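All remarks here apply to the structure that follows.
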Amino acid sequence: MSDDRMRGDKLLCEVFKSPRKEEMYLYVDKREGLARVPEALLERFGKPVSTMTLILTAEKRLGRAEAGDVMAAIREKGFYLQMPPAKEEYLLDLYRTPTEARY
């Protein structure tokens, strides 16, 4: 196979999770590894923990991202950063308002 074997409609992808932030993931081209990920991002992300390797196609179903967007970002920037989901507004209120005793 040529080196361009995953440049068409497929991409061999490695997924790393952050040890510092729950549900934060970094997707990269398996062959390039973390070489194109900016140092500043890696410092904030923490030491990446490899979680899986998969072949991405535009049709592949991912939990919280569109596979086509992930592939485009990896090819363009060298990585795709998946942020944790936003907290629901009612959960944020628990942190803003002191709890009142209820009788």
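Model, not experiment: these values are computed from the prediction.
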> After noting the C-alpha distance and the side-chain angles of L34 and L26, does the key distance pass the side chain to side chain contact (heavy atoms under 4.5 Å, CB included) rule?
Replying inline: CA-CA 9 Å; L34 300 167; L26 192 57; 4.0 Å; yes
Identify every side-chain donor-acceptor pair in residues 61-68 under 3.5 Å, counting partners at least two apart or on other chains, and give the distances.
residue	atom	partner	partner atom	Å
R64	NH1	E23	OE1	3.0
R64	NH2	E23	O	3.1
R64	NH2	M83	O	3.2

> Tell me, do K30 and C13 make a side-chain contact under 4.5 Å, heavy atoms counted?
Replying inline: no
Would you give me the side-chain donor-acceptor pairs under 3.5 Å for residues 43-54, sequence neighbours excluded?
residue	atom	partner	partner atom	Å
S50	OG	E14	OE2	2.6
T51	OG1	V15	O	2.9

>> Please enumerate all residues that pass salt bridge (Lys or Arg N to Asp or Glu O under 4.0 Å) together with K60, with sequence neighbours excluded.
In response: none
Tell me whether [X] shares a hydrophobic cluster with [Y], the cluster being built from Ile, Leu, Val, Met, Phe, Trp, Tyr side chains joined at under 4.5 Å.
{"X": "Y25", "Y": "L81", "result": "no"}
{"X": "V28", "Y": "L42", "result": "yes"}
{"X": "F16", "Y": "L11", "result": "no"}

>> Which heavy atom of M71 sits nearest to which heavy atom of T57, and what is that distance?
In response: SD-C, 3.6 Å
> Got a second to check how far D9's CG is from E59's CD, nearest 0.5 Å?
Replying inline: 7.0 Å
>> Rounded to the nearest 0.5 Å, what separates atom CG in L12 from atom CD1 in I74?
In response: 10.0 Å
>> Considering only residues two or more places apart or on different chains, which pairs with a residue in residues 56-80 satisfy ring-ring contact (aromatic ring centres under 6.0 Å, His included)?
In response: Y27-Y80
> Can you name the residues that form a side-chain contact (heavy atoms from CB on, under 4.5 Å) with A58, not counting sequence neighbours?
Replying inline: none
